[in-house]
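Predicted, not measured: the structure shown is a model, and the values here were computed from it. Whatever order the structure lists ligands and atoms in, that order sets their numbers, starting from 1.
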Amino acid sequence: MPATTEATEAAEETAGAPGAAPVGEALRPHAEDAFADELKALAAADDRPRPACWRLSPWAVATYLLGGTLPDGTVITPKYVGPRRIVEVAVTTLATDRALLLLGVPGTAKTWVSEHLAAAVSGDSTLLVQGTAGTPEEAIRYGWNYAQLLAHGPSRDALVPSPVMRAMSDGMTARVEELTRIPADVQDSLITILSEKTLPIPELGQEVQAVRGFNLIATANDRDRGVNDLSSALRRRFNTVVLPLPATPDAEVEIVSRRVDQTGRSLDLPAAPEAIDEIRRVVTVFRELRDGVTTDGRTRLKSPSGTLSTAEAISVVTNGLALAAHFGDGVLRPGDVAAGILGAVVRDPAADRVVWQEYLETVVRERDGWKDFYRACREVSV
Ligand SMILES: Nc1ncnc2c1ncn2[C@@H]1O[C@H](COP(=O)(O)OP(=O)(O)OP(=O)(O)O)[C@@H](O)[C@H]1O
Ligand SMILES: [Mg+2]
C-alpha cells in the first residue's frame, strides 16, 4: 500500500503516543492488497497450467479461497467457508466462455467471494460496476468526456471506458454487483458483451474485442428477485452458482469468529477467541429465529421479518467487542451483544417485537447458563 510521505511522517509523529493507530492506512484494503503475501506464495508454488492472462491456476485460485498449506509451509487462510464443490464450479466457470452468476440470500458472501475470485484470477478486484436502479448503460459500456468530445469530436481519446470495457481489452475479470437491481434494458447491454465478446462503438465505427482472460462475475440477491428479473436471454449467458447459508452451527460460528477477528484487528479491538461463547450464543439465537425452531427441535418459533444473516451476526459481535473495548473491561459480555441482537431482530417495531418477546420468555429464560443474557436482553427490551 503506497503511503504518502505526509502520512508516513504523521504516523511517525504519533508513533510515540501509547496505543496510537497508524495514520493514512486504508480502512478496508482490497483483497489483492490485504492478501498479497498469500497470492505471491501461491503463484510461486503453483506449477499447474494457467488459463490465458490468469495469475494463478484454477487449483491455486480454489486453494486461495478455501485455504490450505503449501509445500513450503505457507498457510493460506480460508476466505470462504462452505462446500468445496461450489468454489470449484465457480472457478471452473471463469475459465470457460460463460460468465458466473453468484446467487443467494443476503449475507451469504456473494460480494466477498466475487472480490476474492477477481483478486486471485486477475490480481485486481476493482473493475466493478455497482448495480442500482439508476445504473445507466454508460456504466456497463462507455461514456464520453464531454469537454474532449465538444472540442475534438468523437475519438478514442474522448471515450471513457467502463470497468467492463477495460476488463475486455486487458483480459481481466469484471464484476457487476446486484445485477437484478439494474433496469432490464441496461442489463441487456451485457448480452452482446457476453455472447459476442465484443463491444461495438458505433460513434467511431469501431469495436473493442475481448481478449482471452476476460470474464465477468455478477452477484444477485434472492430476495430482490422480481425487482428487475433477469431476462432469460441474459440468464443463458451465465452459469449460476447458489451460495447457501452455513449448513451447521459450527460452520457459522467459524465464519463469524474468523471475520470478527479480521475486522477487529483492523479496528484495534480485543481478540475474538475469548469471545467464542458469546459468538456461539449470537449464532444460536440467529439460527433458531431464522429456522423457526429451537436447536433441539422441540419448540416451534415465529420468524422475524429481518434476514438475520451471517453478515448481521458478524456486525453484532463486532459492535459488541467495540462496546466491551471502549466502555467495558475488554471482555465480551451478554450486555454488549444484547442491544445489537435486538436491533437485528426487531426490524418491524410491532410484529417483530412480539416474536422477540415470545422467544425471550419461552426459550432464553429457560435455558441453562443463559440467565445473564436473559437479564441483559430484558434491560434493553424495555
Ligand atoms: N460462507 C461464508 N464464508 C466466509 N465468509 C462469509 C460466509 N458467509 C458470510 N460471510 C461473511 O459475511 C460478510 C457479508 O458477505 P457479503 O457482503 O459478501 O454478502 P452478500 O451475499 O453479498 O450480501 P448482500 O446480498 O446483502 O449483498 C462477509 O464479511 C463475509 O466474510
Ligand atoms: Mg453483496
**OP:** Using side-chain contact (heavy atoms from CB on, under 4.5 Å) as the criterion, list what pairs up with Ser232, not counting sequence neighbours.
**Re:** Arg236
Original post:
Under a single-linkage rule joining Ile, Leu, Val, Met, Phe, Trp and Tyr whose side-chain heavy atoms are separated by less than 4.5 Å, which residues share a cluster with Val105?
Top reply: Leu245
Subject >> Donor-acceptor pair between Tyr80 and His116 side chains, under 3.5 angstrom >> reply: no
Subject >> Arg367 to Trp370 six-membered ring, cation-pi geometry met (6.0 Å, 45°) >> reply: yes
**OP:** For atom 18 (O) of ligand 1, find the nearest protein heavy atom and state the residue, atom name and distance (0.1 Å precision).
**Re:** Trp112 N, 2.9 Å
Original post:
Just which atoms of ligand 1 are under 4.0 Å from any heavy atom in Val81?
Top reply: 1 (N), 2 (C), 3 (N), 4 (C)
**OP:** Using non-hydrogen atoms of the residue, decide whether Gly82 is closer than 4.0 angstrom to ligand 1.
**Re:** no
Subject >> Which segment of Thr111 sits under 4.0 Å of ligand 1 when only heavy atoms are counted >> reply: both
**OP:** May I ask you to say whether Arg175 pairs ionically with Glu115, meaning some side-chain N is under 4.0 Å from a carboxylate O?
**Re:** no
Original post:
Among pairs that include at least one residue of residues 118-143, which meet salt bridge (charged side-chain N to carboxylate O under 4.0 Å, His left out), considering only residues two or more places apart or in two chains?
Top reply: Glu137-Arg141
Original post:
Nearest protein heavy-atom contact for atom 5 (N) of ligand 1: which residue, which atom, what distance?
Top reply: Ile255 CG2, 3.5 Å
Subject >> 4.0 Å heavy-atom contact, Glu178 with ligand 1 >> reply: yes
Subject >> Cation-pi check, Arg259 onto Trp112 ring (under 6.0 Å, within 45° of axis) >> reply: yes
Original post:
Between Ile314 and ligand 1, which residue portion shows a heavy-atom distance shorter than 4.0 Å: side chain, backbone, both, or neither?
Top reply: side chain
Original post:
Between Tyr64 and Lys79, is there a cation-pi geometry (under 6.0 Å to ring centre, at most 45° from the normal)?
Top reply: yes
Original post:
Which heavy atom of the protein is the closest neighbour of atom 4 (C) of ligand 1, given with residue, atom name and distance?
Top reply: Lys79 O, 3.2 Å
Subject >> Contacts of the Mg ion (ligand 2) with protein N/O/S atoms, counting only those under 2.8 Å >> reply: Thr111 OG1
**OP:** Spell out, yes or no, whether Phe238 and Val121 are grouped together once hydrophobic residues are joined by side-chain heavy atoms under 4.5 Å, including indirect joins.
**Re:** no
Subject >> N/O donor-acceptor pair under 3.5 Å between Arg50 side chain and Arg55 backbone >> reply: yes
Original post:
Nearest protein heavy-atom contact for atom 9 (C) of ligand 1: which residue, which atom, what distance?
Top reply: Gly107 O, 3.4 Å
Original post:
Is the closest basic N to carboxylate O distance between Glu252 and Arg290 below 4.0 Å?
Top reply: yes
Original post:
Taking Asp261 for the side chain and Ser257 for the main chain, is one N or O donor matched with an acceptor at less than 3.5 Å?
Top reply: no
**OP:** Could you say whether the N/O atoms of Ala109 and ligand 1 ever approach to under 3.5 Å?
**Re:** yes
**OP:** Could you list the atoms of ligand 1 found under 4.0 angstrom from a heavy atom of Asn221?
**Re:** 24 (P), 25 (O)
**OP:** Can you pull out the closest protein heavy atom to atom 21 (O) of ligand 1? Residue, atom name and distance to 0.1 Å, please.
**Re:** Lys110 NZ, 2.6 Å
**OP:** Would you check if the side chain of Ser122 reaches a backbone N or O of Met172 as a donor-acceptor pair within less than 3.5 Å?
**Re:** no
**OP:** Report the part of Arg259 (side chain from C-beta onward, or backbone N, CA, C, O) that has a heavy atom under 4.0 Å from ligand 1; answer both or neither where that applies.
**Re:** side chain
Original post:
What do you reckon, does Thr310 have a nitrogen or oxygen under 3.5 Å from a nitrogen or oxygen of ligand 1?
Top reply: no
Original post:
In the protein, which heavy atom is nearest to atom 13 (C) of ligand 1, and how far is it?
Top reply: Ala311 CB, 3.9 Å
